[in-house]
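So the structure is just underneath, and the comments pick up after that.
What you see below is based on every heavy atom in this structure, not just the backbone, and it leaves out hydrogens, waters and symmetry mates.
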Amino acid sequence: MDVLAHVTGKARAAKEATRALALASTRSKNDALQQMARGLEEKIGLVLDANRSDLARARSAGLASAFMDRLLASPLDVPRLLKLGWDGR
């Protein structure tokens, strides 16, 4: 997989989506956010597994502990992030 092409494609798609999002109703946007939150909650195990792999690679590469602290995710992070997204705290 060509990572640069993949990321560039995702960035272009996101930019194009901004027009549709600008015109979408608040209800539609909230519904989409709720669906994304449910998807994240359903896949938390996969997310945490990938995070552990990222941390192992970072350790092997000798990256700074401050950087690795920012990479560290826990099962508690997802509910906290989801709550932050809904009530702004």
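Hydrophobic clustering (side-chain heavy atoms under 4.5 Å, transitive across Ile, Leu, Val, Met, Phe, Trp, Tyr) keeps Leu46 apart from Leu40. Note: the hydrophobic cluster containing Leu55 also contains Leu63 (ILVMFWY, side chain heavy atoms under 4.5 Å, direct or indirect links).
Nearest heavy-atom pair across Lys29 and Ala24 is CE-O, 3.3 Å.
Arg27 contributes atom CZ, which lies 9.0 Å from atom CD of Gln34 (distance to the nearest 0.5 angstrom). Within the model, atoms CG of Asp31 and OG of Ser25 stand 7.5 Å from one another, a figure rounded to the nearest 0.5 Å. Taking OG1 from Thr26 and CG from Asn30, the interatomic distance works out to 6.5 Å, rounded to the nearest 0.5 Å.
The side-chain heavy atoms of Arg52 and Leu48, taken from C-beta on, include a pair separated by under 4.5 Å.
Partners of Arg57 under the salt bridge (charged side-chain N to carboxylate O under 4.0 Å, His left out) rule, at least two apart in sequence or in another chain, are Asp54.
Judged by distance alone, with hydrogens and angles left aside, the side-chain atoms of Thr8 form a donor-acceptor pair with the main-chain N or O of Leu4 at under 3.5 Å.
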